[in-house]
Visitor: 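Before anything else, here's the structure in question.
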There are 2 protein chains.
Amino acid sequence: MKNSDYTVLLVDDEPDILEFVGYNLRKENYQVHTASNGEEALQKAREYRPHLILLDVMMPGMDGIETCDQIRKSPDLENVLIAFLTARGEDYSQVAGFDAGADDYITKPIKPKVLLSRMKALLRRQGPSSNNSLQELGDLTIDLDKYQIHYQNKHLDLPRKEFELLALLTSRPGKVFHRDEILDKIWGNDVVVGGRTIDVHVRKLREKIGSTHIKTVKGVGYKFEA
Amino acid sequence: MKNSDYTVLLVDDEPDILEFVGYNLRKENYQVHTASNGEEALQKAREYRPHLILLDVMMPGMDGIETCDQIRKSPDLENVLIAFLTARGEDYSQVAGFDAGADDYITKPIKPKVLLSRMKALLRRQGPSSNNSLQELGDLTIDLDKYQIHYQNKHLDLPRKEFELLALLTSRPGKVFHRDEILDKIWGNDVVVGGRTIDVHVRKLREKIGSTHIKTVKGVGYKFEA
DNA sequence: GCTGGTCTTAACAAAAGGTTAATAAAAGTC
DNA sequence: GACTTTTATTAACCTTTTGTTAAGACCAGC
């Protein structure tokens, strides 16, 4: 895996740092995005899915620790690497940082060689792993491989039929699936089940992911809405 | 995973350091072994298979960098975590250390809180994915070459089928493998075995590595979870 | 050909999931 | 507003799938 395959999100409120570090990273062919505060960091992390986030601790508004916390709480981001940047010798925040789930801690003033070495070590350890069987729908993430969904920061295993039904509906958000269509796709043409079977599964799903997502279209069928 | 599940090898030529750091680690319930030079470190690393080696850089004879190098060259040890201990501000050796394959770099004087936090971060990250013939999954290490696993500080030889099954499941942690898929990959398309064969192997595995790791997804198959 | 571990099978037990049926509620029709 | 049709909700029931066990078949190494 080459450096150019890695995306780094650089977060600092000082433009000088963004420029200096960004320059050094780009020189090594890393894909670099920047943010200058915690909120922006979260938003860009979701947008660009970086492999590594370099996160300044001291920032106005949401500081680095809190940002890190938010990231770790977000199921779709919880596996990203996070390295803090901070002034030397702040032992307390160093500990707090690791407790918040940081993977490394790099002291300012930043020396490019040291930074790059540490990054290499971190990224090497991470190894190549990516999950593109994920389907993201707002607060709901569906992992087709794992038969698992993330909802409100929780992982939830679903029974087979429920999962298949949800996966079907979410495969084309907004589209109404006729009851017959659902029966065909999930039960098969030949299998005959009673009229209320689908409803029961829908109900169980609604119990788990809230009743707003799956909408009834009377006389027709069901649809998923984000 | 508790601290007491982790084995740490502490290497320094100064007895004071060994005692001071050793005391602090043991207080946190880590399993600690010590060595006072590079040769001893290598030998004890092979003997105890630590999760983490804390390695002083400046030592008489074989220094830390070279020791690290030797460790990384040794196939059975190449995946162990290594953190260097050294006096502050030696940037050159810091870079050299990472180049030699270190995972972290901790400056003396050592502050127990900082050390413990860094260790925690390192050990936590060890969990997901690494790509050699050794696969590390938290408290479980799978050695594809040796048909052997390492679980809770013990080496365990597994029968072929059990091992292959485990290796398959852990090749993509979290992914559900359908029973058909398992049969295909381990028994081959053409071989026909009875319906309970997989279950029996799963049961034996669970007997050996605990029942939490391998999860049943009813109607679908099995998955491995750290 | 023994021998000891490994693998498969078969029978039964247990669990989990799926379906049904009865009833209530809601939406559509006239 | 009364009637009809469709969907929601329950909980009990039943089916399917998996867990467990022990016995015997298999196979490699000696």
Visitor: Given atom CD1 of B:Ile198 and atom P of D:dG19, what is their separation to the nearest angstrom?
Guide: 10 Å

Visitor: If you look at every strand shown and take non-hydrogen atoms under 4.0 Å, does B:Lys161 touch a base, only sugar-phosphate, or nothing?
Guide: sugar-phosphate

Visitor: Using only heavy-atom distances, determine whether the side chains of B:Thr67 and B:Arg72 contain a donor-acceptor pair under 3.5 Å.
Guide: no

Visitor: Distance check: side-chain N/O of B:His201 vs OP1/OP2 of C:dT8, anything under 4.0 Å?
Guide: yes

Visitor: Between C:dG5 atom C1' and B:Glu162 atom CD, what is the distance in whole Å?
Guide: 11 Å

Visitor: A:Lys204 has an atom NZ; how far is it from atom P of D:dT7, in whole Å?
Guide: 19 Å

Visitor: What is the distance, to the nearest angstrom, from the CG atom on A:Asp199 to the P atom on C:dA27?
Guide: 15 Å

Visitor: A:Val200 near the nucleic acid: base, sugar-phosphate alone, or nothing, with a heavy-atom cut-off under 4.0 Å?
Guide: base

Visitor: Given that B:Glu207 and A:Lys218 both sit by DNA chain D, which one's nearest nucleotide is further toward the 5' end?
Guide: A:Lys218

Visitor: Does a side-chain N or O from B:Thr216 land closer than 4.0 Å to OP1 or OP2 of D:dG19, or not?
Guide: yes

Visitor: Using whole Å, report how far CG of B:Leu156 lies from P of C:dT6.
Guide: 12 Å

Visitor: Does the side chain of B:Tyr222 get closer than 4.0 angstrom to OP1 or OP2 of D:dG19 through an N or O atom?
Guide: yes

Visitor: Does A:Thr197 reach a base, just sugar-phosphate, or nothing at all? Heavy atoms under 4.0 Å.
Guide: base

Visitor: How close do B:Ala121 and A:Ala102 get, heavy atom to heavy atom, and via which atoms?
Guide: CB-O, 3.6 Å

Visitor: Looking at B:Arg196, I'd like to know whether one of its side-chain N or O atoms comes within less than 4.0 Å of OP1 or OP2 on C:dC12.
Guide: no

Visitor: Looking for any heavy atom pair under 4.0 Å, which part of the strands does A:Phe163 touch: base, sugar-phosphate only, or nothing?
Guide: nothing

Visitor: Heavy-atom nearest nucleotide on DNA chain D for A:Arg203 versus A:Gly219: which residue maps closer to 5'?
Guide: A:Gly219

Visitor: Between atom NZ in A:Lys215 and atom P in C:dA27, what is the gap in whole Å?
Guide: 12 Å

Visitor: Side-chain contact test, heavy atoms from C-beta onward, threshold under 4.5 Å: evaluate it for A:His51 versus A:Leu123 and give yes or no.
Guide: yes

Visitor: In this structure, is the centre-to-centre distance between the rings of A:Tyr147 and A:Phe163 below 6.0 Å?
Guide: yes

Visitor: Hey, does the side chain of B:Trp187 come within less than 4.0 Å of C:dT8's phosphate (OP1/OP2), counting only N and O?
Guide: yes

Visitor: Between A:His213 and A:Asp139, is any side-chain donor less than 3.5 angstrom from a side-chain acceptor?
Guide: yes

Visitor: Considering heavy-atom distances to DNA chain C, does B:Val192 or B:Asp157 have its closest nucleotide positioned more toward the 5' end?
Guide: B:Asp157

Visitor: Within the 4.0 Å heavy-atom criterion, would you say A:Arg160 contacts the bases, only the backbone, or no part of the nucleic acid?
Guide: sugar-phosphate

Visitor: Whole-Å distance between D:dT9 C1' and A:Leu205 CG?
Guide: 15 Å

Visitor: What is the distance, rounded to the nearest whole Å, between atom CD1 of B:Ile182 and atom P of C:dC7?
Guide: 16 Å

